[in-house]
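Heads up: the structure comes next, in structure tokens.
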Protein chains: 2
Amino acid sequence: MKDEGYRAYSAGSGEEGLRLLHSESVDLVILDINLPGMDGLKVCDSIKETMQIPVIFLSARDQDSDVISGLETGADDYIRKPFNHRELILRVKKLLRYTGNGIHESTIRTGRLRIRTDREEVYFDKEEIKLTPMEYKLLEVLGRKLDWVISWQILLKEAWGYEDWEGGREIVKVNIRRLRVKIEPDPSQPVYLLTERGRGYKLATVE
Amino acid sequence: MKDEGYRAYSAGSGEEGLRLLHSESVDLVILDINLPGMDGLKVCDSIKETMQIPVIFLSARDQDSDVISGLETGADDYIRKPFNHRELILRVKKLLRYTGNGIHESTIRTGRLRIRTDREEVYFDKEEIKLTPMEYKLLEVLGRKLDWVISWQILLKEAWGYEDWEGGREIVKVNIRRLRVKIEPDPSQPVYLLTERGRGYKLATVE
DNA sequence: CTGACAAGTAACAATCCGGTAACAAAAAAG
DNA sequence: CTTTTTTGTTACCGGATTGTTACTTGTCAG
């Protein structure tokens, strides 16, 4: 997993895994069924109860009934051992894409723009663009939903954390402008950060 | 599949399957790799190129390399034969849940027209038609009741949220016109958005 | 054939939305 | 505590969107 650019943690038991989930910010869980102590199905249950994180079972128990009970407890995929690494990676990527946390590739790129989410840095070609924390947050929110139009209400919530706000519309408008001034070659003719009138803004894939 | 309450079609070859896809409104494809004529991977490729329908491979070819190439062509899942019915159903359900299809279809299509309700985008063949928010709302309301005649009172309520309104009739009339100008090849000879004099309007299935 | 009414069409006007700049408040740096 | 940077607020402009009005066309009953 690390080779593919993901952060990865491992736990020796179900309990330890659940503890990790609460201390770290985790996007996906790969889980065996045969575990010391608490069994995998129970762990999956307890995960699905409290959070919406995709779970993949990876188990030597290859009976159909095992697979079925795994999927029925809400697991998102079930891979039988022995498994192929490449297949696992592909299935992980697919799941992350579905659940929208997909662009955890730590760098989001479109055209000459590059966002390194791990370091919170933005580059235009090789040059770093210095963004203020707010500007960066806004760009990341847009980047994580590349090509999707996002309304100012959602942006306000995702980037600022405000549910509603008097001048929410203005705040977004102005900060979009500030972002454009920094990331667009010509801020009045945006190429990356586009407006969909009446709907919102989107960061578009270019080229 | 039918026992589970799904509509199901089957095709004896890739070509036939692709033809079915265009004539019927399909939410998910289950595909073998070994097919007479065009092979399954090619079929999957061609599906993924033009539409965003989930594809599950179901194949006797159980080598890891087969699974990997299947997933890499963009398939959403790969099940090895022999397979268990219950597992297949569970995986189908899961996919339909992810892609949001199933309950309310995420794309409505008639003739050369396609409405992507998840992104609020409308296409004529491959070309996107830019609609204003109001135009889109109206079209979606009509599209969700394909072939049903809807009165201006209902349209007013569904699209505008007004219970009654002085110039309600006019507002609908004018916006229907605006929609037609954008979606009809010849706005004065509508093919999609038809009038039922005295009753209302409907979005008709074409072909 | 004709009048009445529904629907089509076009032009106009009000409103809403986004772009922009300048300014003020708040936060961070020195 | 002062300076600088960042963030939020306000105001105004221009244009797209939407609603309004007026007029034309088409359909159907009598």
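Proteins come first, then strands; the chains are lettered A, B, ... in the order of their sequence lines, and each starts at number 1.
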Contacts of type salt bridge (Lys or Arg N to Asp or Glu O under 4.0 Å), residue [X], not counting sequence neighbours:
X        : answer
B:Glu140 : B:Arg144
A:Glu127 : none
B:Asp125 : B:Arg112

Original post:
Going by the ring pair (Phe, Tyr, Trp, His ring centres under 6.0 Å) test, which pairs reach into residues 119-159 of chain B, not counting sequence neighbours?
Top reply: none
Original post:
How would you list all residue pairs meeting ring pair (Phe, Tyr, Trp, His ring centres under 6.0 Å) that involve residues 26-59 of chain A, not counting sequence neighbours?
Top reply: A:Phe57-A:Tyr78
Subject >> Where at least one partner belongs to residues 31-45 of chain B, residue pairs that pass side-chain hydrogen bond (donor to acceptor under 3.5 Å, both in side chains), sequence neighbours excluded >> reply: B:Asp32-B:Lys81, B:Asn34-B:Arg61
Taking any heavy-atom pair under 4.0 Å as a contact, classify [X]: base, sugar-phosphate, or nothing.
X        : value
A:Tyr201 : sugar-phosphate
B:Trp160 : sugar-phosphate
A:Trp165 : sugar-phosphate

Subject >> For DNA chain D, the residues among residues 174-186 of chain A that have a non-hydrogen atom under 4.0 Å from it >> reply: A:Val174, A:Asn175, A:Arg178
Subject >> Sub-4.0 Å heavy-atom contacts from residues 127-135 of chain B onto DNA chain D, ordered by number >> reply: B:Thr132, B:Pro133, B:Met134
d([atom1], [X]; [atom2], [N]) in whole Å:
X        : N      : atom1 : atom2 : answer
B:Gln153 : C:dA6  : CD    : C1'   : 13 Å
B:Gln189 : C:dA7  : CD    : P     : 17 Å
B:Glu170 : C:dG8  : CD    : C1'   : 11 Å
A:Lys173 : C:dA21 : NZ    : C1'   : 12 Å

Original post:
Who are the ring-ring contact (aromatic ring centres under 6.0 Å, His included) partners of A:Trp165, not counting sequence neighbours?
Top reply: A:Tyr162
Counting only pairs under 3.5 Å, give me each side-chain donor-acceptor contact of residues 8-15 of chain B, with atom names and distances, residues two or more places apart or in other chains.
unit_1  : atom_1 : unit_2  : atom_2 : d
B:Tyr9  : OH     : B:Arg7  : NH1    : 3.2
B:Tyr9  : OH     : B:Glu24 : OE1    : 2.9
B:Ser13 : OG     : B:Glu16 : N      : 3.2

Subject >> Nucleic acid contacts of residues 190-199 of chain A, taken as heavy-atom distances under 4.0 Å to DNA chain C >> reply: A:Thr195, A:Arg197, A:Gly198
Subject >> Boundaries of the chain B footprint along DNA chain D (any atom under 4.0 Å from a heavy atom) >> reply: D:dT17 to D:dT27
